Structures are given as C-alpha cells and as structure tokens.
Chemist: 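If you scroll down you'll find the structure; I have some questions about it.
These numbers come from the heavy atoms of this one structure, side chains and all, not from hydrogens, waters or symmetry mates. Please read these numbers as outputs of a predicted model, since none were measured by experiment. Labels below follow one simple rule: chain letters A, B, ... track the order of the sequence lines, proteins then strands, and each chain is numbered from 1.
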Amino acid sequence: MSDYRNNPEKVQGLVHEDSVHRDVYLSPEIFTLEMQNLWRNTWIYVGHDSQVPATGHFYTTTLATQPVVMVRGEDGTVRVLMNRCAHKGAKLVSGHQGKCEANLLRCPYHGWTFRLDGSIRSIPQKAGYDGTGFAESSAAKGVVAIANVRNYRGFVFARLAETGPSFEEYFGDSLSSIDNMVDRAPGGRLEVAGGTLRYLHDCNWKMFIENLNDTMHPMVAHESAAGTAKKLWAGQPEDAPKPMAIEQFLPFVNGYGFFDEMGVKLWENGHSYSGVNFSIHSKYSSEGDYEALMEQAYGAERARAILGEVRHNTVYYPSLTIKGAIQAIRVARPIAHDKTVIESFTFRLVGAPERLLERTVLYTRLINAPTSVVGHDDRHCYRAMQEGLAADGNEWVSMHRNHGIAEREGMAGVYNGLSEVSMRGQFRAWARFMRPPKSAGDAS
Amino acid sequence: MSTDADLVAFVYHEARLLDEQRFDEWYDLYTEDACYWMPLTRGQPDGMTHTSLMCEDKLLLRVRIERLKNPHSFSQQPRSHAQHVLQAPQVETVDAATGLAILRTPFFYMESQMDESVILSGVVWHHLVHSEGHIRIQLKKIELVNCDAALPSIQLFL
C-alpha cells in the first residue's frame, strides 16, 4: 500500500478496533505523516525545567524530528524555540545543553544574534538590508518560538500545531501520574539528575510505546534476565536482605495473575497506566528516614496516600512514559519509520535521602541502558517485529486480547492488567490525530 | 610480587578469555568485592548517584554470565561475538604497601551479531591486586570515547 498522503481515508483504514495494518510500522510515508500530523496535533514532551536552571541555560532536542532548543529567558520563563537561524537555517546551538554567552543566541555562521525569546538583537552590516524587502520577510521575525508551550510542575510540553486541544483537554486526569511523581519529593520538586541514557533502537517508535503497558511480555521476554537473577538468589535464606538489584529484577518474572490483577487504566487520547492496584515497584524496601520526611512535609495521611500510589508505567501518548514510583522517565525520539532513540532520565526527589536517587539510577541502568539485559530482549523483540511484519499472508497485527463491548461505548476506564486495551486506545487516538491539523485561519 | 610483565600479560589474558567466551574462567579473575564499571560520562565520579552503562558487582556479573547460557536469551539468538584489540598496557602505578597496581590500556572493541556490529574504543583501567598468589581484578573501569552517543545494544563484556 502507498499514496497515503493524498488519501486520508486510507490512513484511517489502517486502524480497526481490534487490529492495525502493518503499514503503521513499516511505511516511511506513514512515518512522515505521523510527524506532520499526529506529532504536531498532540502535546509532545520537550524536557524538564531543571535542565535549564537559570537565565540563558539551554537544552536541545527534537520534536517530531525538528530541532528545537528549550531555553530559560531573562524573565525566568522557559521557552521552546526552533533551533534554526532566521537567516539561512543553521542550528543556533549544538550539543545537548549549555549556557548562552551573554544570554544571546548567536549564529555560528554569519553572527546574527537573538534574544532568548527569539527576537533579533543584531545583524552584522545591517545597512545592507536597507531598501530590500527584508523587514516584511519571515527572517525579520527572528527565531520561531513555539506558541503552545506548557510547563506542568516542571515538565515542559509543546504542541506544534497552531490549533488543537488545550493541554488540559489533551491530558486530563492522566496528569495525576506526574502529580504523584512530584509529590513524592518532600520538597515538592524534582530535579533531573544522574545523566541521560540514549539507546538506539532499530524499530518503529510505537513498538516501544505499546510495550510499556504490555503486561503479557515480561514473563516471556525477560525470563532469561529476571529468571536468572531469581534462580541465583533462590539459595538465600528467607530473611537474607535482598540487594536492590535483586529486588528490582525479581518482579519481572511474576506470573500472569500478578500482572492481570495489577490492572490498567485508560484515559482519552491514548494515555494509560498499568499498576492500578499495585505494581512491580510495590515491594521495594523503605529507604532511611524518607517516610518520616514525607510525613513532616505532608502530614501522615497525605504522605501515606502519595506513597500508596505505586503506578507502573504511565504513557503520555505519543512521546513520554514515566515511572512515578521510581522517578525515571523514558522519551521516544523518532528518527525514521524503523529508527528511534529512547532517552532515559532520572530525577532527584528534592528533600529526600540521596539513597532514593541511587535506587532510580540503579533501576534505569538495569532496565533502560544499551547495556541492560532487560533492554536487550525488548529491543530484540521490537526488531523481530520490524523484520517479521514484512512477511506477506497476514498484513494485520492482532490487538484482540480482552476486546469487549463495554470498551466500545467509550474507552476510558479500568481494565484487567493483561488486556491489550492500552494499545487499542493508543491507535484510536492515532487515527484521530493523524488527520491534518487545521490552520488558525480555518473556519471549519 | 608480580613483575610489570606479569601484570601486562594478565591484561592480555583477560581480554582473550572474553573474546573466546570463557566467561566462567573470566569471572574467577575478579575479587569478591570487585566492580566492573563503564561510566556514562567523562570524569564521572561514581556509579551510585549517576547512571553508568555498567556498574556491576560480582552478583550482577554472574547474572549476565548465566543469562548468556540460558536458552531463552532471545537477544542472543544467534550469539554475539567480540574481539578486543589492545594497545600495549602501561603499568601506571604500583603501591608498594598494598601491592595495588593500576594499568592503563587503550583499546578497540568490536561486537558483532550477524549483519549488525558495534565498534567501540576507549581506555580501560585495571586495578589489580594479589589474592592467594594470583593476580585478581578489583576494579575494571572502561572509559568509552563515545560514551555520550546513542548506542545500540552492547551485549557482551568490554
């Protein structure tokens, strides 16, 4: 199949209630349309405001494959600018993060300088533009600042399309997962800490996102890693203190019953989380005086409520997945239909013992690193799908598990943990947001 | 005490055991409190409050080795193969009191699985001690030159 660009209905036809056509993963044209539509119509995670702690600090990334720079302005506001000189298009800053000299963005090519809000500060030999049409050109407007940016409790999101759902409409109650992660800090604040893992995947970005709440795979794909850890620990006496690594590995090989009872919650627009009732993070040991510090900050009852919420993965469709209970996030940065970088960030809970940072650092290394035995098996399966789906004879990917009548009425709700409902919800949102964005002047 | 030549020969021997996938023998080269460390950033002070690519104690090394033997290690079907190419190891310091020797060895490393391969380079630091008459590794620190790159899977040991 091809020629999706001129045939929006054909794109819609790729998604059925209980299955999707393989072209959603395999077609470079669909990937281009995803970046032009789905990833522009929706709110995409940019970064955390602690990565730009003071005026002039910047952090670069991509949104829908476009280079952007998140920067803290003179007024303290975090803005997201296109990382493109207004003149000939050179990226203004390279590298992942840094500090702008003299609080100006200066193009390395012809020396144009821009203020931290993107407006032009100076152009060398400016008289050369006198009497030209420059003043009315796009270049004269300076660096493009993304209009729709929202900093939610430190988490910065952007919507590239001029019109579309508001931040609150788009995320709704799913923001409770970010709330819980931030509330876990006695100081009520998170800071990115512990470095960024960047893991190159040779698969479509959706395979990774779908996997986050795919609870049917750990006991199979991760048997070799977590099962081995379990076997090695098996000889230990019942009351032997478990090393943190063992404590983190073992739940991956819990049985189907555990993951089913965990439950999955689905919101509108493709967002979901697993671990409604409990999760693989529920049985971690307490760390030092952390609980006492939480009680001091919030009172006993509220502290218990915050710490009693141990969600597994929350997917903020399509770009961000978070683990509030362990303060680690993973961000999908799509590069091509079969190439994705997964970035992992860890956070310090401000006001909590440093041991909590050690726990998240260990977790992200064990599970999310390019050197992770758990990551190896996930990545292997994604790649196996990317290659396997080329096989003719069956062009459809099944997502039938626990597909039911109740869910057709309106999908938001709580379901059994092993259900593939989170994937069906993602593709329902996918189809909706794959329609081209309306321009601001569009009356319809 | 070992001579410098003994220490250098030991570093070559360790790499050979890895390349020949003699992992159980390789594991025995490490002291009980050993650490196998591949930092994520240059000049990283520790592996506790900053993420590393690897920061494995003996238990985690054992998990990796046993996993490689597990027939359900799907990412190892087919098996990966690796080759180290070491520049001559240099004995940097030897502590006369404790016998702790620190060696510096620049390297190239290739890990291959069918059509996919990853080539890594950097410097490895060995902290070697003596235990019951044998040279043993207390710390192996691998500083990758491209530690900040988006890396594909690295499945074996550098």
Chemist: Should B:Thr105 and B:His126 be marked as a side chain to side chain donor-acceptor pair (under 3.5 Å) after you check the CA-CA gap, both sets of side-chain angles, and the distance that decides it?
Modeler: CA-CA 8 Å; B:Thr105 311; B:His126 283 86; 4.5 Å; no
Chemist: Return yes when atom NZ of A:Lys283 has more than 12 non-hydrogen atoms of other residues, nucleotides or ligands closer than 6.0 Å, and no otherwise.
Modeler: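 It does not: A:Lys283 NZ has 12 such atoms or fewer within range.
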Chemist: Quick check: closest heavy atoms across A:Gly227 and A:Val253, and the distance to 0.1 Å?
Modeler: N-CG1, 3.6 Å
Chemist: Relative to chain A, which segment of B:Leu60 carries a heavy atom at a distance below 4.5 Å: side chain, backbone, both, or neither?
Modeler: side chain
Chemist: To the nearest 0.5 Å, what is the distance between OG (B:Ser80) and CD (B:Glu111)?
Modeler: 5.0 Å
Chemist: At a heavy-atom separation under 4.5 Å, does B:Leu40 approach chain A through its side chain, its backbone, both, or neither?
Modeler: side chain
Chemist: Please classify the contact of B:Ser153 with chain A as side chain, backbone, both or neither, using a heavy-atom distance under 4.5 Å.
Modeler: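 Interface part for B:Ser153: both.
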Chemist: Go through the atoms of B:Asp57 and report whether side chain, backbone, both or neither lie under 4.5 Å from a heavy atom of chain A.
Modeler: neither
Chemist: Find the one option among A:Ile246, A:Leu357, A:Asp377 whose heavy-atom pairs under 4.5 Å with chain B are most numerous.
Modeler: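 Sorted descending by pairs with chain B, the first entry is A:Asp377.
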Chemist: Please check this pair: side chain of B:Glu14 against backbone of B:Val11, looking for a donor-acceptor N/O pair closer than 3.5 Å.
Modeler: no
Chemist: Name the region of B:Cys55, side chain, backbone, both or neither, that has any atom closer than 4.5 Å to a heavy atom of chain A.
Modeler: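 Backbone plus side chain of B:Cys55, per the 4.5 Å heavy-atom cut-off to chain A.
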Chemist: What I want to find out is whether B:Asp24 reaches B:Lys69 closely enough, with some N-O distance under 4.0 Å, to be called a salt bridge.
Modeler: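 The answer is yes: the pair qualifies as a salt bridge.
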Chemist: I need the residue from B:Val63, B:Leu151, B:Asn70 with the largest number of non-hydrogen atom pairs under 4.5 Å to chain A.
Modeler: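 Of B:Val63, B:Leu151, B:Asn70, B:Leu151 has the most heavy-atom pairs under 4.5 Å with chain A.
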Chemist: Roughly how far apart are B:Asp46 CG and B:Thr49 OG1, rounded to 0.5 Å?
Modeler: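 Interatomic distance, B:Asp46 CG to B:Thr49 OG1, rounded to 0.5 Å: 4.0 Å.
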Chemist: Tell me, side chain or backbone of A:Asp202 under 4.5 Å from chain B's heavy atoms, or both, or neither?
Modeler: side chain
Chemist: Select, from B:Ile154, B:Asp148, B:Leu68, B:Leu156, the one with the greatest count of heavy-atom pairs under 4.5 Å involving chain A.
Modeler: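 Winner by heavy-atom pair count: B:Ile154.
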Chemist: Under 4.5 Å from any heavy atom of chain B, what part of A:Arg383 do you find: side chain, backbone, both or neither?
Modeler: side chain
Chemist: Any ion pair linking A:Arg365 and B:Glu56 (charged N to carboxylate O, less than 4.0 Å)?
Modeler: yes
Chemist: Are the side chain of A:His222 and the backbone N or O of A:Phe249 linked by a donor-acceptor pair below 3.5 Å?
Modeler: no
Chemist: Give, as side chain, backbone, both or neither, the part of B:Glu116 having an atom under 4.5 angstrom from any heavy atom of chain A.
Modeler: side chain
Chemist: Could you measure the distance from the OH atom of B:Tyr36 to the NZ atom of B:Lys140? Nearest 0.5 Å is fine.
Modeler: 5.0 Å
Chemist: Counting only heavy atoms closer than 4.5 Å, note whether A:Thr196 contacts chain B via side chain, backbone, both or neither.
Modeler: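 Only the backbone of A:Thr196 comes within 4.5 Å of chain B.
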Chemist: With distance as the sole test, does B:Arg42 use its side chain to make a donor-acceptor pair with the main-chain N or O of B:Val145 at under 3.5 Å?
Modeler: yes
Chemist: Is A:Val341 close to chain B through its backbone or its side chain, or both, or neither, when contacts mean heavy atoms under 4.5 Å?
Modeler: side chain
Chemist: Less than 4.0 angstrom from a charged side-chain N to a carboxylate O is my criterion; do B:Glu92 and B:Arg104 meet it?
Modeler: no
Chemist: Would you please go through residues 229-243 of chain A and name the residues with a non-hydrogen atom below 4.5 Å from one of chain B, in numerical order?
Modeler: A:Ala229, A:Leu232, A:Pro243
Chemist: Which residue out of B:Met38, B:Gln76, B:Met48 racks up the most heavy-atom pairs below 4.5 Å with chain A?
Modeler: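 Ranked by contacts with chain A, first place is B:Met48.
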Chemist: Give a yes or no on whether a salt bridge exists between A:Arg333 and A:Glu343, defined as a side-chain N under 4.0 angstrom from a carboxylate O.
Modeler: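 Salt bridge present between A:Arg333 and A:Glu343.
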